[in-house]
2 protein chains.
Amino acid sequence: MVLETVRATDVHPTAEWVFRHVRRRLPRVSLGTVYRNLRLLVREGLLVERADAGGSRFDGNLSEHHHFTCVECGRVFDLREPVRRTVHLRVSSRTGFEVLGHRIEFYGRCAICSSPRKRRRPWQARA
Amino acid sequence: MVLETVRATDVHPTAEWVFRHVRRRLPRVSLGTVYRNLRLLVREGLLVERADAGGSRFDGNLSEHHHFTCVECGRVFDLREPVRRTVHLRVSSRTGFEVLGHRIEFYGRCAICSSPRKRRRPWQARA
DNA sequence: GTCCATGCAAATGCTTTGCAGCCAG
DNA sequence: CTGGCTGCAAAGCATTTGCATGGAC
């Protein structure tokens with residue numbers, strides 16, 4: 001159910017968020033169990049973990065993709081930019097490292113936060 | 001001195017590491033002071049903070065650059081790959097977001113860890 | 001009965017903060 | 001004297017872990 005919950009959203013939730021959502025269907029779960037299962041799923045490669053200030057975020061979208069993080073509200077959006085693996089060879093030959101992949105992190109202001117109309121408060125996928 | 005210490009290295013140190021190095025010249029500093037100053041320097045834009053599992057890393061290199069993280073030892077290396085700002089426009093027009101910048105995170109095995117000779121243990125910029 | 005995942009709570013690890021003291025101006 | 005930065009220790013979060021319980025087989 002932890003896996004289902006993370007897969008069913010694109011908000012890159014924190015453990016806390018997953019806990020609250022799983023608890024709706026399974027009122028007796030504990031936060032510890034959610035953590036244990038998240039950890040397990042990451043080890044098995046069924047989820048990807050993203051380090052983030054204020055707590056890890058989990059991503060059930062295993063396809064290669066890039067992200068955009070809003071510097072105002074903190075929301076992380078998936079992008080459809082193509083993933084160009086051609087750079088791997090260039091980096092490899094320049095460094096001697098074995099490049100397995102790469103991820104582009106864009107940052108800026110999302111549509112809502114760049115609108116001058118309203119001031120909004122940080123959004124943490126914790127709602 | 002905290003700023004100097006972070007600027008003088010390219011290991012993307014943790015607060016702990018900075019603390020230990022500053023303490024060599026200033027034996028009475030406390031970890032709290034190091035944290036306070038790191039936080040201050042990040043707010044002032046003199047250092048960049050990178051969220052990472054097991055603790056933030058700090059980077060005194062303010063020029064735009066990309067990173068390579070070794071999945072074996074955890075070391076983070078700076079790359080000289082050019083930063084192509086042309087993608088910003090494409091992402092902007094597709095999403096409506098105001099793109100301020102981007103960072104590419106490559107991952108794989110560094111030269112040392114991909115050598116089959118020896119097995120090495122995780123390295124955390126804590127030495 | 002055995003095993004394994006769980007709830008619960010205590011423990012851990014990183015980071016922040018309250019407070020009193022000290023130094024520079 | 002005053003303000004600001006500091007050491008120290010306690011507090012705060014996110015996350016992990018030990019242990020006893022409980023259900024599946």
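Throughout, protein chains are lettered first and strands after them, A, B, ... in sequence-line order, and every chain is numbered starting at 1.
One can place CG of A/L41 at 12 Å from P of C/dA5, the figure rounded to the nearest angstrom. Taking atom CZ on B/R23 and atom C1' on D/dG7, their separation rounds to 13 Å, with Å as the unit. A straight line from CH2 of A/W17 to P of D/dT15 spans 15 Å, rounded to a whole angstrom. As a whole-Å value, the separation of B/R28 CZ from C/dG21 P is 15 Å. Between B/L38 atom CG and C/dC14 atom P the separation is 15 Å, expressed in whole Å. Atom CG of A/L26 and atom C1' of C/dT6 are 10 Å apart (whole Å). To the nearest angstrom, C1' of C/dT15 lies 16 Å from CG of A/D52. Rounded to whole angstrom, the span from the CZ atom of B/F19 across to the C1' atom of D/dC8 amounts to 11 Å.
For A/R94, the salt bridge (Lys or Arg N to Asp or Glu O under 4.0 Å) test picks out B/E81, with sequence neighbours left out. Looking at residues two or more places apart in sequence or on another chain, you find no salt bridge (Lys or Arg N to Asp or Glu O under 4.0 Å) involving A/R28. With sequence neighbours left out, A/R85 forms a salt bridge (Lys or Arg N to Asp or Glu O under 4.0 Å) with A/E64. Contacts of B/R43 classified as salt bridge (Lys or Arg N to Asp or Glu O under 4.0 Å), with partners at least two apart in sequence or in another chain: none.
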Dump the pairs, protein N or O against N or O of nucleotides 16-23 of chain D, anything under 3.5 Å, distances to one decimal.
from   : atom 1 : to    : atom 2 : distance (Å)
D/dT16 : OP1    : A/R39 : NE     : 2.8
D/dT16 : OP1    : A/R39 : NH2    : 3.2
D/dT16 : OP2    : A/R39 : NE     : 3.3
D/dT16 : OP2    : A/R39 : NH2    : 3.3
D/dG18 : O6     : A/R36 : NH1    : 3.2

| field | Worked verdict on B/N61 versus B/D10 for side-chain contact (heavy atoms from CB on, under 4.5 Å) | value | CA-CA 8 Å; B/N61 178 355; B/D10 62 352; over 6 Å; no
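Here A/L62 is tied into one hydrophobic group with A/V48, each link being a pair of ILVMFWY side chains closer than 4.5 Å. Other members of the cluster containing A/V83 do not exist, because no ILVMFWY side chain is joined to it at under 4.5 Å.
Summary of helix geometry: the two end axes of the helix from C/dG1-D/dC25 to C/dG25-D/dC1, each defined by five base pairs via their C1' atoms, are inclined to each other by 10° (rounded to 10°).
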What pairs of donor and acceptor atoms, side-chain ones from residues 101-110 of chain B against any protein atom, are under 3.5 angstrom apart with sequence neighbours left out?
from   : atom 1 : to     : atom 2 : distance (Å)
B/H102 : ND1    : B/H88  : NE2    : 2.8
B/R103 : NH1    : B/E105 : OE2    : 2.4
B/E105 : OE1    : B/R50  : NH1    : 3.2
B/E105 : OE2    : B/R50  : NH1    : 3.0
B/R109 : NE     : A/E98  : OE1    : 3.3
B/R109 : NH1    : B/E72  : OE2    : 2.8

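Put simply, the side chain of B/T9 never gets that close to the backbone of B/V6: no donor and acceptor are under 3.5 Å apart.
Mapping A/S56 and B/V29 onto DNA chain D by nearest heavy atom places B/V29 at the nucleotide closer to the 5' end.
Close to C/dT6, at under 4.0 Å from its OP1 or OP2, lies a side-chain N or O of A/N37.
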